[in-house]
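To keep things clear, I will list the structure first and then write my remarks on it.
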Amino acid sequence: MTTDSGTGQRPPVSLRTEALEQLLTERGLIDPTVMDGIIATYETNVGPLNGAKVVAKAWSDPEYRQRLLEDGTAAIKELGFSGAQGEHIVVVENTETTHNVVVCTLCSCYPWPVLGLPPSWYKDPAYRARVVKEPRVVLSEMGLELDDDVQITVHDSTAEVRWLVLPERPAGTEHLSEEELVPLVTRDAMVGVAKVVAP
């Protein structure tokens, strides 16, 4: 383990990352321009906004919603969202009586084209282990209280299948356009650990 000779402590992650990138670049193993492009893509062009557009479209267009639930990958691709980690996406719908939540019990499989990079809590071993055994408790700890009669289904994402939750449309948003609905949809709602709240 590398330590700072002055303090005996490990250098900050950013410095270690920079040193690793420099070493890999010097050895010709990576191209920094390509790396910067990948990072920019997932930070700015890909992310929860894409998923929010999918959800808003499904809320506004019943035919699209049906296609989305029948073949998530194809319907999502209709809106131009596809690529690595999004080769096979299954969409499940939350209702008044059923609630879906997503986890990857083995690592952090996640539908990048519609949700961007996974949040740290999604990769946390505690979340991965506990949400399968006690989903209602974990959701409550994350701020989502569900009635006892709501059935909870936990979906395990894998390298073969990634899941996306179509959240329940909040009451009082019937007058909003598709474009106005987009900002309401959060990443957490599309993973199933939160609900969409009306403005």
Side-chain angles (χ1 to χ4, degrees), residues 46-73 75-76 79 81 85-86 89-105 108-157 161-199:
V46 175
L49 178 60
N50 292 352
K53 290 177 181 177
V54 170
V55 170
K57 175 80 171 170
W59 284 347
S60 305
D61 181 342
E63 291 182 3
Y64 178 77
R65 174 186 159 277
Q66 190 62 38
R67 292 196 304 276
L68 183 67
L69 294 173
E70 289 174 357
D71 186 343
T73 309
I76 289 167
L79 301 187
F81 309 133
Q85 313 302 317
I89 300 175
V90 175
V91 180
V92 288
E93 184 176 30
N94 283 350
T95 69
E96 290 182 3
T97 58
T98 61
H99 187 87
N100 298 280
V101 62
V102 181
V103 65
C104 177
T105 56
S108 57
C109 294
Y110 195 75
W112 290 14
V114 285
L115 292 184
L117 299 175
S120 57
W121 58 261
Y122 185 83
K123 298 180 281 186
D124 188 284
Y127 172 78
R128 292 176 9 220
R130 292 184 59 225
V131 76
V132 174
K133 296 177 182 174
E134 47 183 4
R136 196 175 301 275
V137 174
V138 172
L139 292 175
S140 176
E141 290 172 358
M142 296 182 82
L144 177 58
E145 298 288 346
L146 296 173
D147 292 339
D148 291 340
D149 60 348
V150 173
Q151 178 184 341
I152 301 174
T153 303
V154 180
H155 299 276
D156 193 359
S157 274
V161 178
R162 287 169 173 80
W163 298 83
L164 178 71
V165 174
L166 174 59
E168 186 180 0
R169 183 173 180 168
T173 61
E174 296 77 16
H175 65 288
L176 298 179
S177 68
E178 185 177 322
E179 292 73 23
E180 292 171 319
L181 289 168
V182 171
L184 304 182
V185 184
T186 65
R187 175 202 63 206
D188 288 3
M190 293 182 282
V191 176
V193 298
K195 286 192 174 188
V196 177
V197 179

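Only heavy atoms go into these numbers, but all of them, side chains included; no hydrogens, no water, no symmetry mates.
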Check your understanding: Which is it for Val138 and Val101 under the side-chain contact (heavy atoms from CB on, under 4.5 Å) test, yes or no, and what are the steps along the way?
Key -> CA-CA 11 Å; Val138 172; Val101 62; over 6 Å; no
Check your understanding: Given side chains that start at C-beta, do those of Ser60 and Leu181 come closer than 4.5 Å, heavy atoms only?
Key -> yes
Review point. What heavy-atom pair brings Pro170 and Ala198 nearest, and what distance separates the two atoms?
Key: CB-N, 3.8 Å
Check your understanding: Is Arg128 reaching over with its side chain to a backbone N or O of Lys123, donor-acceptor style, under 3.5 angstrom?
Key -> yes
Check your understanding: Could you state the interatomic distance from CD (Glu96) to CG (Leu146), rounded to the nearest 0.5 Å?
Key -> 12.5 Å
Review point. Should Val92 and Leu166 count as side-chain neighbours, where that means a heavy-atom distance under 4.5 Å?
Key: no
Point to revise | Contact check, side chains of Leu184 and Pro199, non-hydrogen atoms, under 4.5 Å | key: yes
Exercise for review: Would you check if Val185 and Trp59 make a side-chain contact, meaning some heavy-atom pair closer than 4.5 Å?
Suggested key: yes
**Study point:** Under 3.5 Å: donor-acceptor pair, side chain of Thr173, backbone of Leu176
**Key:** no
Point to revise | Heavy-atom check, side chain of Val55 versus side chain of Pro167, under 4.5 Å | key: yes
Practice item. Could you tell me how the ring of Tyr122 sits relative to the ring of Tyr127: parallel (under 30°), tilted (30 to 60°) or perpendicular (over 60°)? Key: tilted
Review point. Taking all non-hydrogen atoms of both residues, which atom of Arg136 and which atom of Asp148 are closest, and how far apart?
Key: NH2-O, 3.7 Å
Point to revise | Arg162 side-chain N/O to Ser157 backbone N/O, donor-acceptor pair under 3.5 Å | key: no
Point to revise | Non-hydrogen atoms of Glu168 and Lys195 that approach each other most closely | key: OE1-NZ, 4.2 Å
Review point. Looking at Val154, Thr153, Val150, which hits side-chain contact (heavy atoms from CB on, under 4.5 Å) with His99?
Key: Val150
Practice item. Could you tell me whether a side-chain N or O of Asn100 sits under 3.5 Å from a main-chain N or O of Val165, the two making a donor and an acceptor? Key: no
Revision key, fill the gap. Shortest non-hydrogen pair, Ala194 vs Leu144, comes out as N-CD2, 3.8 Å
Review point. Looking at side-chain heavy atoms only, is the closest gap between Ile89 and Trp163 below 4.5 Å?
Key: no
Review point. Do Tyr64 and Val54 touch side chain to side chain, with heavy atoms closer than 4.5 Å?
Key: yes
Review point. Measuring from Leu164:CG to Asn50:CG, what's the distance to the nearest 0.5 Å?
Key: 11.0 Å
Practice item. Look at the side chain of Asp147 and the backbone N and O of Asp149, then say whether any donor-acceptor pair between them is shorter than 3.5 Å. Key: no
Revision key, fill the gap. Looking only at heavy atoms, the pair that brings Cys109 and Cys104 closest together is N-SG, 3.2 Å
Check your understanding: Any side-chain heavy atom of Leu49 within less than 4.5 Å of one from Val182?
Key -> yes
Practice item. Mind listing the closest non-hydrogen atom pair of Leu69 and Glu93 along with its distance? Key: CD1-OE1, 3.5 Å
Review point. Backbone N or O of Gly172 within a donor-acceptor pair of the Glu174 side chain at under 3.5 Å?
Key: yes
